[in-house]
Protein chains: 2
Amino acid sequence: MTAQRHDRDSVTATALRLLDRVGLPDLSMRRLATELEVQPSALYWHFPSKQVLLAAVADRILASVPEPTAGADLTAVASAIRDALLAYRDGAEVVMSTYAMRLGARRAQDTLQAVLGDADPALADAVFEFVLGHSTLLQQRMHAQSVGAVADAEADPTADLDRVFHAGIRAFAAVSADRPPA
Amino acid sequence: MTAQRHDRDSVTATALRLLDRVGLPDLSMRRLATELEVQPSALYWHFPSKQVLLAAVADRILASVPEPTAGADLTAVASAIRDALLAYRDGAEVVMSTYAMRLGARRAQDTLQAVLGDADPALADAVFEFVLGHSTLLQQRMHAQSVGAVADAEADPTADLDRVFHAGIRAFAAVSADRPPA
DNA sequence: ACCTGAACACCGTTCAAGT
DNA sequence: ACCTGAACACCGTTCAAGT
């Protein structure tokens with residue numbers, strides 16, 4: 001009768017679903033607790049703080065990024081990372097805010113490193129930072145637009161944003177291609 | 001006797017100083033009000049919401065970015081933007097969070113556009129997104145490190161981060177250089 | 001092992017009313 | 001024009017205690 005018990009994984013999964021439904025500003029410990037039919041304090045048995053909980057959520061968001069393999073190309077990997085970030089509402093911001101204690105982010109960066117071969121390791125980090133910045137900004141704009149608080153009234157900014165993404169990736173791809181042949 | 005009156009500009013200036021002192025998580029309307037020796041509700045005469053106040057702060061942060069001029073080079077402009085973002089604690093995150101209703105960000109992007117000449121306009125946006133993402137991540141890590149919650153214990157990550165920044169800028173510079181000659 | 005109950009020290013925002 | 005006072009509906013986190 002007294003609502004089922006939870007563990008780290010189930011709490012994280014529920015948090016991710018709630019994030020996608022209500023967005024990061026409304027993802028509070030109290031609301032998550034309500035969702036789990038539990039008192040807010042119960043969450044602190046599973047996680048020491050909200051920030052650590054969010055880090056676990058960030059890991060899940062990046063879980064769909066493929067393992068490091070030498071076969072793929074930069075555009076594919078960068079797109080996979082972007083898709084993972086955009087798959088959940090405010091996903092990029094969550095990953096960004098917990099990036100310092102990166103767990104899942106490490107894997108994404110390793111995959112980028114692998115695809116860049118023997119290019120400067122700093123380049124893989126730069127690509128990741130670009131994708132993360134781009135995705136965060138994109139979701140920021142999506143949210144502002146839904147609230148109706150945008151300065152310029154572009155009809156469909158999505159197409160432009162896709163061009164920006166590919167312009168960035170093309171730049172990184174071009175530089176990385178310089179090395180192997182040389 | 002009853003503490004001097006304020007206007008939009010003085011409130012914004014105080015908010016920026018407070019941001020630099022205590023960081024974004026502790027920059028509350030109530031704390032800012034205390035700083036101004038005023039009731040919290042007084043702030044809402046000057047700004048309709050905290051978000052709009054932060055947008056004004058973001059504008060100030062980017063104010064030091066030079067006006068669009070054809071003479072400069074990409075590295076200089078990108079560095080100026082990064083320096084502006086890093087000049088105040090959590091500056092990059094503030095700019096990022098109010099980017100959707102960009103006012104100050106527009107100028108920074110125009111300056112990038114100018115320096116990139118006739119290159120694809122999407123490239124200027126890509127550079128801006130890279131610099132913003134990079135700077136946010138850098139400040140994030142600085143904060144996490146000061147709290148002592150970092151996964152890896154690098155001695156001095158600053159040098160590495162500078163290499164990442166320049167690796168990114170080099171990629172964009174290389175691609176932009178392709179166009180004019182062709 | 002996992003949760004409740006109650007408390008502590010906070011938030012952003014609104015609105016009538018004051019000067 | 002600019003601010004006070006009081007309220008509303010929230011926050012994250014701690015900690016003793018329960019089962």
Side-chain angles (χ1 to χ4, degrees), chain A residues 1-16 18-19 21-58 90 93-94 97-98 100-101 140 143-144 146-149, chain B residues 1-16 18-19 21-58 90 93-94 97-98 100-101 140 143-144 146-149:
Chain A
M1 192 53 67
T2 51
Q4 71 187 5
R5 260 123 174 162
H6 304 282
D7 57 11
R8 259 184 92 100
D9 265 26
S10 69
V11 171
T12 307
T14 303
L16 182 53
L18 187 58
L19 171 72
R21 179 145 41 89
V22 305
L24 186 55
D26 287 334
L27 177 59
S28 67
M29 296 299 266
R30 298 177 109 104
R31 181 141 186 193
L32 175 57
T34 302
E35 196 75 11
L36 293 163
E37 293 181 285
V38 125
Q39 295 298 313
S41 50
L43 298 174
Y44 290 84
W45 193 91
H46 301 287
F47 297 94
S49 68
K50 185 181 184 179
Q51 219 200 135
V52 172
L53 200 180
L54 284 181
V57 171
D90 293 339
E93 199 177 340
V94 169
S97 74
T98 62
M101 39 171 168
Q140 209 92 32
H143 179 257
S146 78
V147 177
Chain B
M1 192 51 69
T2 51
Q4 72 188 5
R5 252 100 197 189
H6 305 282
D7 58 12
R8 260 184 90 102
D9 265 26
S10 69
V11 171
T12 307
T14 303
L16 182 53
L18 186 59
L19 171 73
R21 178 144 43 89
V22 304
L24 186 56
D26 287 333
L27 177 59
S28 67
M29 296 299 267
R30 298 177 110 103
R31 182 141 185 194
L32 175 57
T34 301
E35 196 76 11
L36 293 163
E37 293 181 283
V38 126
Q39 295 299 312
S41 51
L43 299 175
Y44 290 84
W45 194 91
H46 301 287
F47 297 94
S49 69
K50 184 181 184 180
Q51 221 201 131
V52 172
L53 200 180
L54 284 181
V57 172
D90 294 339
E93 198 177 343
V94 170
S97 73
T98 62
M101 37 172 167
Q140 209 91 31
H143 178 257
S146 77
V147 177

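Computed from a predicted structure; not experimentally measured. In what follows, chains carry the letters A, B, and so on, assigned in the order in which the sequence lines appear, proteins first and then strands, with residues in each chain numbered from 1.
- Taking atom C1' on both C:dC11 and D:dC8, the two are 12 Å apart, rounded to the nearest angstrom.
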- [ ] Go ahead and write out DNA chain C as dot-bracket, 5' to 3': ( ) for pairs within the strand, [ ] for ones crossing earlier pairs, | when the partner sits on another strand, dots for unpaired; Watson-Crick or G-U wobble, both distances under 3.5 Å.
- [x] ||.|||||...|||||.||
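- Applying the side-chain contact (heavy atoms from CB on, under 4.5 Å) rule to A:Phe47 yields the partners A:Arg8, A:Val11, A:Thr12, A:Val52, A:Leu53, A:Ala56; only residues at least two apart in sequence or on another chain are considered.
- Between A:Asp9 atom CG and C:dC2 atom C1' there is a gap of 16 Å when expressed in whole angstrom units.
- One distance of note links CG of A:Leu27 with CG of A:Leu16; it measures 9.5 Å at 0.5 Å rounding.
- Under the 4.5 Å side-chain criterion, counting only non-hydrogen atoms from C-beta, A:Leu36 is in contact with A:Leu43.
- Here the nucleotide nearest the side chain of B:Gln39, chosen from C:dT4, D:dC3, D:dT4, is D:dT4.
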Could you go over nucleotides 17-19 of chain C and give all protein N or O partners under 3.5 Å, atom names and distances?
none

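- Picking from C:dC3, D:dC3, D:dT4 the nucleotide with the shortest atom distance to the side chain of B:His46 gives D:dC3.
- The separation between B:Leu36 atom CG and D:dT4 atom C1' is 15 Å, rounded to whole Å.
- Atom CD of A:Glu37 is separated from atom C1' of C:dT4 by 15 Å (rounded to the nearest Å).
- For the atom pair CD of B:Gln51 and OG of B:Ser97, the computed distance is 7.0 Å after rounding to the nearest 0.5 Å.
- With sequence neighbours excluded, the residues that form a side-chain contact (heavy atoms from CB on, under 4.5 Å) with B:Ser41 are B:Gln39.
- Atom NE2 of B:His143 has 12 or fewer neighbouring heavy atoms from other residues, nucleotides or ligands inside a 6.0 Å radius.
- Taking atom P in both C:dA9 and D:dA9, the straight-line distance is 23 Å, to the nearest Å.
- How far CE of B:Met101 is from CG of B:Leu54: 8.0 Å, rounded to the nearest 0.5 Å.
- Taking atom C1' on both nucleotides, D:dA16 is separated from C:dC2 by 15 Å, rounded to a whole Å.
- Applying the salt bridge (Lys or Arg N to Asp or Glu O under 4.0 Å) test to every pair with at least one member in residues 22-35 of chain B, sequence neighbours left out, gives these pairs: B:Arg21-B:Glu35.
- A:Ala42 is linked by a side-chain contact (heavy atoms from CB on, under 4.5 Å) to A:Val38, counting only residues two or more places apart in sequence or in another chain.
- Contacts of B:Asp9 classified as salt bridge (charged side-chain N to carboxylate O under 4.0 Å, His left out), with partners at least two apart in sequence or in another chain: B:Arg60.
- The side-chain hydrogen bond (donor to acceptor under 3.5 Å, both in side chains) test applied to A:Thr34 returns no partner, not counting sequence neighbours.
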Between the protein and nucleotides 10-14 of chain D, list every N/O to N/O distance that falls short of 3.5 Å.
from, atom 1, to, atom 2, distance (Å)
D:dC11, OP1, A:Ser28, OG, 2.9
D:dG12, OP1, A:Met29, N, 3.1
D:dG12, OP1, A:Lys50, NZ, 2.9
D:dG12, OP2, A:Met29, N, 2.9
D:dG12, OP2, A:Arg30, N, 3.4
D:dG12, N7, A:Arg30, NH1, 2.5
D:dG12, O6, A:Arg30, NH1, 2.9
D:dT13, OP2, A:Tyr44, OH, 2.6
D:dT13, OP2, A:Lys50, N, 2.8
D:dT13, O5', A:Tyr44, OH, 3.3

